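Notes for the one structure printed next.
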Amino acid sequence: MSIGLSEQEILRREALQELRRIGINPYPAEAFDITATSEDILKNFPATPDAYQNVSFAGRIMSRRIMGSASFAELQDSTGRIQVYLKRDDICPSEDKTLYNTVFKKLLDIGDFIGVKGYVFTTQTGETSIHVRELIILSKSLKPLPIVKRDDDGNVYDGFTDPELRYRQRYVDLTVNPQFKQIFINRSKVINTMRSYFDEQGWMEVETPILQPVHGGAAARPFNTHHNTLDMPLYLRIANELYLKRLIVAGFDGVYEFGKMFRNEGMDRTHNPEFTSMEIYVAYKDYVWMMEMVEQCLEKVALAIHGTTKVPVGSYEIDFAGPYERLSMYESIQKYTGTDVSNMDEAALRQFCQQLGIEVDASMGKGKLIDEIFGEKVEANLIQPTYITDYPIEMTPLAKKHRSKEGLVERFELFVNGKEIANAYSELNDPIDQRERLEDQLLLAGRGDEEAMAMDEDFLRALEYGMPPTSGLGIGIDRLVMLMTNQSTIQEVLFFPQMRPEKKAKFATAEDFINIGVPAQWVPVINKMGFNTVEELKAGNPNKVFNDLGGMRKKMKLEITMPAKEDVMNWFS
RNA sequence: GAUUCCGUAGCUCAGCCGGUAGAGCAUAACACUUUUAAUGUUGGGGUCCUGGGUUCGAAUCCCAGCGGGAUCACCA
């Protein structure tokens, strides 16, 4: 059993048994009342020392400095770290010094949770510390934590930095790199600030289906699944837009939803297969109104996190105070290329692309060509929040046609730091127009565009009953959080980013080995030698296995009987 | 998908021209009653990612694979 564990893990399991042997439950059931946090003590003790003469504190042991009959340890709680001072004769006032000499010095390890009671004082070196009078074990840790050391200047030594391990074992990451917790605290603030703002306006948070029979509302490849009882295919939603519009039809004036969306596409530092979006729909409004709403909302978010509207992002300082610059798609292209493309036909656009050195192919229509020019020449320049408005109709099947400009739709996207973070329309509520636009998408799908939108007859039926004029907005929450916390990868703002599965070695059971004649006590040795399945063992060289068994027996100082060579040979028959 | 770098102790990393596997921290033992990257002394700990190849000999060189990072492309 213990073979296969590292030496340090074995030692900790032995310490666990020893604790039990001397009558200490390493995983007690009782609650442990806490009267102070590390942040509270460090902040308020200097001013009001009398308030901290009898504190109860719990945390994880993060370092120990043992000096004979006195010791220092650092305990980490959810708010930070504080030093505790333990003196043998204080925690063991009687003759029995077991709690200090054995339990604290030998049986506790870095990573264990303990509770302490005592008084706060300042050490000779000036550090606020808890002088411990009582100590209780709250939870024993069986795996050693990586040790990250910091000196007084904040320099980090032996950091736990491997991104793979940090993302796969976020619990370890946030334990030893607690500075990253702030990102997630801020993520929560972003969402809560938006939610409070929406609620103040009288809009309602709703939930719509994640399992959808038709995936609509965006252009993306979905995850497919299947419902057994109904025996029907279902899709994880790529967007919730069409359901939220049904609720506007139903008579709600403002509905919003924060939720996970799922897109079966590439993964990189700005894309995760599941991501969080916020969509909001408000009746009787248009996209011009929505621009002001977004400005107010983002201003509040920036203030909540930074106390100012100015947010550092990379090498820039971005100011989220509105109003933001507004450029139509054509104006933005004119601004950054010096050329007015608004009256160009497809051939002229194609020629202009070639002139700019943009690759084009024959399948690209007018809308796509304009989008290429925008992406190549404009997007990266939009550092401060900028609205790009009035998109070509071809790429936007759910937005209303522009009130005055032919061939365009009433849509804006908000760009910040060269990236899109929000998308909004005056929503299309003309059911006949909507049907035609979706039919155009079907044609695209017929030509093999896997991302074209599907026809949703129930949604069209809802529109036919009548939807009031409505403005809708979608914001990518992960990307907004990246901006607000100055992170350049989406993995840093997700607790558990999607990863490739861990390489999992197959393990045969002990019985499998015993069945081919391996004595039970030798099974762990076989495992230790790297044979995890019977097949792997049989693929080995019998003579080498026999020799290695002897070697392992000696190396691990095992006092078990060596199997006869004939027996070993029989394992392979 | 392309390019490129990386994979060695629990963690962070050295390891030169191919010749018995190294350091710091962690860990174990001893000492030490205000330390703080505690200190001093002495130990233990390795599938050098996997599989092939070259070689008397491979952590090292070659090939393939797996995993990860970065950059680029694609993708709302």
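All chains are named by letter (A, B, ...) in the order of the sequence lines, taking the proteins before the strands, and each is independently numbered beginning at 1. Nothing here was measured: the structure is a model prediction, and the numbers come from that model.
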* Can you give one letter per nucleotide of nucleotides 26-33 of chain B, going 5' to 3': B for a protein heavy atom under 4.0 Å from the base, S for sugar-phosphate only, - for none? -> BSSSS-BB
* To do: Searching all strands shown, indicate the nucleotide that pairs with C30(B) (Watson-Crick or G-U wobble; both distances under 3.5 Å).
  => G40(B)
* Interatomic distance at P, G67(B) relative to C75(B), whole Å -> 25 Å
* Asked: What interatomic distance, in whole Å, is found between C1' of U50(B) and the corresponding atom of U8(B)?
  -> 15 Å
* Roughly how far apart, to the nearest Å, are G19(B) and A29(B) at atom C1'? -> 35 Å
* To do: Considering only atom C1', compute the distance from C66(B) to C25(B) and round it to an integer number of Å.
  => 30 Å
* Asked: Glu39(A) side chain to Gly80(A) main-chain N or O, any donor-acceptor pair under 3.5 Å?
  -> no
* Enter syn or anti for the glycosidic conformation of C63(B), syn applying to angles within 90° of 0. => anti
* To do: For the pair Glu9(A) and Arg12(A), find out whether any cationic side-chain nitrogen is under 4.0 Å from an anionic carboxylate oxygen.
  => no
* **Nearest-Å distance once atom P is located in both G65(B) and U20(B)** => 32 Å
* Could you check how far CD of Glu492(A) sits from P of G69(B), rounded to whole Å? => 11 Å
* Donor-acceptor pair between Asn423(A) and Arg411(A) side chains, under 3.5 angstrom -> yes
* Asked: For residues Arg81(A) and Ser63(A), is any side-chain donor paired with an opposing acceptor at under 3.5 Å?
  -> no
* **Nearest-angstrom distance, P atom, A2(B) to G45(B)** => 44 Å
* What nucleotide among C74(B), C72(B), U12(B) has an atom nearest to a side-chain atom of Asp162(A)? -> U12(B)
* Asked: Who does U35(B) pair with, Watson-Crick or G-U, both distances under 3.5 Å?
  -> none
* **Closest listed nucleotide, where the reference is the side chain of Asp268(A) and the choices are C74(B), C72(B), C11(B)** => C74(B)
* Whole-Å gap separating C1' (C11(B)) and CG (Asn177(A)) -> 11 Å
* Figure out the CD/C1' separation between Gln169(A) and G68(B), and round it to whole Å. => 14 Å
* To do: Check the distance between C74(B)'s P and Glu376(A)'s CD and give it to me in whole angstrom.
  => 8 Å
* Just checking Asn423(A): base, sugar-phosphate only, or nothing, at a heavy-atom cut-off of under 4.0 Å? -> base
* Asked: What is the nucleic acid contact for Phe121(A), judged by heavy atoms within less than 4.0 Å: base, sugar-phosphate only, or nothing?
  -> base
* Asked: Whom does C11(B) pair with, Watson-Crick or G-U wobble, provided both distances fall under 3.5 Å?
  -> G24(B)
* Asked: Once you round it to whole Å, what is the distance between C1' of U34(B) and CG of Asp90(A)?
  -> 13 Å
* Parallel, tilted or perpendicular: which describes the rings of Tyr100(A) and Phe104(A), with under 30° parallel and over 60° perpendicular? -> parallel
* To do: Take atom CE of Met267(A) and atom C1' of A73(B), then tell me their distance rounded to the nearest Å.
  => 17 Å
* Structure fact -> Contacts of Thr489(A) and Ser63(A) projected onto RNA chain B by closest heavy atom; the upstream (5') one is Ser63(A)
* Distance-only donor-acceptor test (3.5 Å): side chain Gln83(A), base U35(B) -> yes
* Report yes if at least one side-chain N or O of Arg65(A) is closer than 4.0 Å to OP1 or OP2 of U35(B); otherwise report no. => no
* Closest-nucleotide 5' rank along RNA chain B - winner of Gln491(A) and Phe415(A) -> Gln491(A)
* Donor-acceptor contact below 3.5 Å, side chain Asn381(A) vs main chain Lys377(A) -> yes
* Candidate nucleotides C74(B), U35(B), C75(B), ranked by approach to the side chain of Glu265(A) - the nearest -> C75(B)
* Quick one: do Val294(A) and Leu414(A) satisfy side chain to side chain contact (heavy atoms under 4.5 Å, CB included)? Show the steps, please. => CA-CA 9 Å; Val294(A) 170; Leu414(A) 175 63; 4.0 Å; yes
* Asked: Where the side chain of Asp390(A) meets the backbone of Glu410(A), is there a donor-acceptor pair that is under 3.5 Å apart?
  -> no
* Asked: For G67(B), which nucleotide in any strand shown is its Watson-Crick or wobble partner with both distances under 3.5 Å?
  -> C6(B)
* Closest to the Ser129(A) side chain: C11(B), U35(B), U34(B)? -> U35(B)
* To do: Between G69(B) and C63(B), how far apart are the P atoms? Round to whole Å, please.
  => 24 Å
* **Euclidean distance for P, A14(B) against A31(B) (whole angstrom)** => 38 Å
* Considering every strand shown, what is the Watson-Crick or G-U wobble mate of G18(B) when both distances are under 3.5 Å? -> none
* Asked: Rounded to whole angstrom units, what separation is found between the CG atom of Asp112(A) and the P atom of G10(B)?
  -> 19 Å
* Should Lys140(A) and Asp112(A) count as an ion pair when the cut-off is N to O under 4.0 Å? -> yes
* Structure fact -> To the nearest angstrom, the CD1-P distance between Ile82(A) and U35(B) comes to 18 Å
* Classify the angle between the aromatic ring planes of Phe412(A) and Tyr387(A) as parallel (below 30°), tilted (30 to 60°) or perpendicular (above 60°). => perpendicular
